[in-house]
Structures are given as C-alpha cells and as structure tokens.
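Accompanying notes for the structure given below.
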Amino acid sequence: MSSQSEDHTHESGEFSSSNETVNRDVVEQTVNTNVEAEAKQQDDLVEWLNSMFPSLSLPPGASEEELRACLIDGTILCSILNRLSPGSVDEEVCSDLSLEPCSENVNRFLAAMDEIGLPRFEHLDLEQGSMAKVLKCLWTLKARFNSNVGGDDIQITSLIAKSGNHSRKRWKISEVERIEGIVASQGDLSSHGRLSTVSGEERRKMLPESKFQCVLRSNVMSEPSAALMHHVGHKFHEVFQLKQGHYADLPPAKISEMMKSNSLDNAPTQSLLSVVNGILEESFERKNVEMPHRVASLLRKVMQEIERRISNQAEHLRTQNNLYKAREERYQSRLRVLETLATGTSEETQIVMNQLQHIKTEKIKMEEKKKIEEQDVVRLMKEKDRGVFEISALKQELEIAKKTYEQRCLQLETHAKESEVKLQEKLNELECLLTESRKRVKELEAFSELKCESWSKKEHSYQSFMDYQFRALRELKVYSESFKLEILETQRGYSEEFSHLGSKLKGLADAAENYHMVLAENRRLYNEVQDLKGNIRVYVRIRPFLPGQNKKQTTIEYIGENGELVVVNPSKQGKDSHRLFKFNKVFGPSATQEEVFLDTQPLIRSVLDGFNVCIFAYGQTGSGKTYTMVYKPLFILLPARYL
Ligand SMILES: Nc1ncnc2c1ncn2[C@@H]1O[C@H](COP(=O)(O)OP(=O)(O)OP(=O)(O)O)[C@@H](O)[C@H]1O
C-alpha cells in the first residue's frame, strides 16, 4: 500500500528531494492523497469481499465499522484464507466456527498468516480503534493470492521466497509447484528486468548461481535484446559451439569479419566470456606454441568489450546509488511528515482520551445519580405505603367522625325542638311585656306633658331673671365709665407725683455721688491710719493652761496694757531672772477669740479695699496657732457696707 502511494506521490511530484522544510500545504496535500488512496483500497477490498462472499452484501464504500462488524468474529477471515489457500485452516474446525469463540477464529487466522509470513494485525486492531492494520493485512493477502498465473508473477515469486520452507509445510504441494513453475517459465529474469523488485537475499535464494553468472544475468550489463541476439549473435553461437583448439584454426577472414562487424556490441556477455575462456584454455593447452596474432586481437577486442560493459555497469550502479540516495532522502522527509502527523494524532488521541475520561466520570456520576434516584424511589414507595396506611386510618377516623356527627345532629335536632318550644314561650312572655310597655309609654307621655308645663313655667321665670341681669349689667357699664374717669384722674395725679419724685431722686443721686466720694476719702484716710499704726505689728497671745496642767508653774509675771510683758526665769537669780518684752499688744490667757479678731478686723477691711495684708502665727507646737487663726464667725462681724 505504501509502495503504491509512494509511487503515486513520486509521479505527481508532490514531494521533491529538496523538500527539507515541509510546509503545511504539502502536508495537507500528502494527507489528502493518502486518504484518497486508502479510500480507494478500502473500496477495492469491499468489492473483493463481495465477489468472494456474495452473501455479505457489503455496500459500496462501506465504513470501517461495517467492515469490523463483518470481520470481528474471524469466520470470514478463516474462509478467505481457505479460499485462497485451501487447507490453511482446518476444515472441520471451520465448519463449526459458529460454536467457537470469536477470538479463536481470529487466532487461527493470525497463526496462518504468521506461517505464510504475511504482515498480520493484533486483536485490538480488529476490536477497536483504526482498522488500518487489518485492512492492510487483507490488502496484502488479496494482492499476494489474487495474482494467478497471468497476473503479477514477481509478487508470487517474492511470496514463495519469503515464505521459505516453513510456509511450504502448510501450503499444498501442488500450489507451490504451480508457482515455482511460473518462476521457472520466466527463464532469464534479468532480461525482463523484474528481478529488481526482489531483495538481494531472496534473489540469492531463488537463483543459487555463481556471482559471476549473476552479473552476467543482470539487466545493467547492457545485454542485447533477444531480437538482436537472434539477428547478429549467431556467429558467436557458432564460435561457442567450436571445440577446444579450434580458435587458432579459424580463418582470418572470419575473425576479421567478427571484429569488424558490430557483432561484439550485440553479443551476450556470457558468449564473450565463453570466447575468452575458450581462447585462454586453448593457449594453456598449446603451452609454448605462440598464439596467432588474429586470435590475440580477437581476445583483446573481446576483453575491451567486456571492460566497456563493466565500466557501464559501474556507471549504472553509481546512478542507481544516487537514485537510491534521493529516494532515501524522500523517504526521510516523508517520515518526518508522518511523525508530524503522528504527533498531531497523538494530541488528538489525548484530547479524545480526556473526553473519554470525562464521559466515564459523567457516567459514574449518572450511575450514582441513578442509585440515588433508586433510593428515592424506594423511599417514595415506603412513603406511599405509609400514605396508604394513613389514608386507611383517616378513613376509619372519618367513619367514626361521621357517626359521631350523625349522633350530634340528632341531638341538635332534639335540642332545636326543645329550644323552639322555649322560644315560643319566651315570645309569649315578650308579647305580654310589650303590652305592658305600651301602657308604660302612655303613662310616660302623660308625665312628660306635665313636665313640659313645669319647664315652660321655669323658662318664664328664667326669662325674667335674665331681664333683671341685663338691667344690672347696664348699670355696671355706667359704673365702669365713672371708674375709668376716676382712674384717668388718678393717673394724672400720679404722673405729677412721679415727676416730683424724679426731681427728688436726682437730688438723692447727687447726694449719693457725694457720699461715695466722701466714702473713698474716708477709706483712704482709714488705710493711712492703718499705715500709721505700723506696717508690721507683733501680737502675743498667751495660751491658758490646758486641763491637767499645773497652773502654778507659770512664767508670766506681768502683762501690761501698752504691750509690755515680763517673763520670769526661775533658773536664774537677780536681775537676769526677769525679762521685759515689748509688743504691739499682748492678749492674756483670758482673752477670747472675738477680742483677738476685733484687733485684726481693720486689716481685713484693708484687704477688701485692695491692700495687701499678711497675717501669720508663730510659736512652738501646741501653743495655740491653729486655734487662734481659725475663727469661724469671722465674717459675721464684718460691717454691713463691706458685704
Ligand atoms: N486661748 C486658748 N484657750 C483655750 N484653749 C486653747 C487656747 N489656745 C490653744 N488652746 C488649746 O491648746 C491646744 C493646742 O492648740 P493648737 O493646736 O492651736 O496649737 P498649735 O500651736 O497650733 O500646735 P501645732 O504647732 O502643733 O499645730 C488645743 O487643744 C487648743 O484647744
């Protein structure tokens, strides 16, 4: 298959040997070409299968899946092989193929293919994925076995060579003989140029001849055609028919004729070599006898012809080598293209695998969902049973309720009849009451008439009272007018008095202003007096004995009115025992808090006048400093004008 597509590509020139960088267009073209070729091969296969097994009735252009469905059980495959090569698969087994597992049939077919030596496929190729390998196998089978005697002979030859002895065991002897007969009928394959398609190893097996003879048989030795051989090579045939020692006896005219003509060019190489061998053997036999000049010339001429052919062969081999190299490069580029395609296909396969994985995941989810739904169904069935049970219970309850309701209705009807009787009685009573009420209404109407009369009398009396009040009101208005006149008169008198008092008040304000001036002067004079009394004054207060103290141990001997104080010192004698001190004032033990405050009161007045004053107490602990300084009713004694 690849060989054909390769040839096709080569013919159409889609791939050139210099196409190192394969661009996308070329790739696409190649792919399209391959796809078209594969589609054609697939159609041919379908046609072939239909021709072999009409019962299959495969549609033209059947898809791979249709072919897979047809071939997957292996029956058709075994039948094909038995048709092409009867006995490849056991007939008895084949007749019972329907009872065999599918894989067994396929196994037999694959084993037979292995024995024959044709390319096979794997089970997986037949079961899933691309059918390319399976189709390729069938195509090869068709190509190899379909070629009969008049068909592609070299393919049959190749098949035999490849199959070897191993495959012959399975093949019928008659079949092998038939094909070998075909090969034998080919004669000299080199003359037809068909051996070139067979590999060197196969060629060696097929033609176990000497290397030299193989060279002679090669088509690249510029052998003359059969027609030419028939036309001009008869002379060499005659020479070849000569017995040893006769080359020297050939007439010179004949040798000249052979050398002058184009016979050498057209003679087969084998004949030329036979001539050389003959001449050489003859010269060896003659030993010391000199070879005739004409024979030597013929030998030289023949040798020159052989050399020319060998050089042509070498040139041809070089050309072939270059051709093979070019083809190899072309194959390399095609391989790269196919690798690129394979990479793309693997990516697509990866995507498909991912999608498959996704589908599997979704399938698992769906199964889980289905399980949940089944559980729901079971639950719903249970709920339904429970509902049915509840409905039956409710029906029973409804029956009971219905009976109860009927009894209740009967009771109510009885009660309604009793109530109706009672209501009738009540109605009678109410009619009696209505009659009585009407009587009362009449009585009340009479009473209301009486009341109306009394109310009319009262209205009359009220009317007279109102008239009296209106009269009194008019009188009051007259009085109020007179009062207004009096008030105006009084207001006038008051305004006169107010103006008089204003003049008096102005005089008083003037007097008060003079008074303030006098008062300021007085204050100034007062503070001047305080200054004159002394800015620093020292007072002494003698604390009385506290309860529990001995009153006889006093050191105060004399307290003068003018601030003199005499203190006695018992530890000293004479004049030094008495000391006289002079202060602004001395308060004795009997002096009260009020007395002390009265003496300091002017200083506090000076403070209120804005002068700075400081009073502090000095003395030993417990001498009465706090007692003296703290005098709570101090402000009560301030003169009223400073408050
Ligand atoms: N003139 C007084 N008349 C009666 N009791 C007094 C007099 N002076 C002081 N005392 C009494 O003497 C005691 C001591 O007085 P005070 O606490 O005033 O002394 P002090 O000098 O302030 O003492 P300290 O320096 O420890 O504060 C107090 O119990 C107080 O009542």
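Because the structure is a prediction, the values reported are computed rather than measured. First listed ligand is number 1; within each ligand, the first listed atom is number 1. Values below: all heavy atoms of this structure, side chains included; hydrogens, waters and symmetry mates excluded.
- Scanning all protein heavy atoms for the shortest distance to atom 9 (C) of ligand 1 gives Arg543 CD, 3.2 Å.
- Scanning all protein heavy atoms for the shortest distance to atom 25 (O) of ligand 1 gives Lys625 NZ, 2.6 Å.
- For Gly619, the closest heavy-atom approach to ligand 1 does not fall below 4.0 Å.
- One distance of note links CG of Leu430 with CG of Leu423; it measures 9.5 Å at 0.5 Å rounding.
- Between atom 13 (C) of ligand 1 and the options Leu546, Thr626, Thr621, the minimum heavy-atom separation is to Leu546.
- Glu367 CD: more than 12 foreign heavy atoms inside a 6.0 Å radius.
- Looking only at atom types and distance, the side chain of Ser577 has no donor-acceptor partner in the side chain of Asn569 under 3.5 Å away.
- When hydrogens are left out, the protein atom nearest atom 4 (C) of ligand 1 is Pro544 CG, 3.6 Å; that is the closest non-hydrogen contact.
- At a heavy-atom cutoff of 4.0 Å, ligand 1 is contacted by the backbone of Gln620 but not by its side chain.
- The nearest protein heavy atom to atom 28 (C) of ligand 1 is not closer than 4.0 Å.
- For atom 5 (N) of ligand 1, the choice among Tyr627, Phe587, Phe545 with the nearest heavy atom turns out to be Tyr627.
- Side-chain atoms of Gln530 and Arg537 form a donor-acceptor pair, as typed in the model, at a separation below 3.5 Å.
- Under a 4.0 Å heavy-atom criterion, Arg541 is in contact with ligand 1.
- What sits closest to atom 24 (P) of ligand 1 on the protein, heavy atoms only, is Gly622 N, 3.5 Å.
- Nearest heavy-atom pair, Arg579 versus Asp576, reported as atom, atom and distance to 0.1 Å: CG-O, 4.4 Å.
- Under 3.5 Å, the side chains of Arg543 and Ser623 contain no donor-acceptor pair of N or O atoms.
- Heavy-atom neighbours of Glu420 CD from other residues, nucleotides or ligands within 6.0 Å: at or below the threshold of 12.
- Of the protein's non-hydrogen atoms, Gly624 N, 2.9 Å is the one closest to atom 19 (O) of ligand 1.
- In summary, the side chains of His415 and Gln411 do not present any donor paired with an acceptor at a separation below 3.5 Å, with no hydrogens or angles considered.
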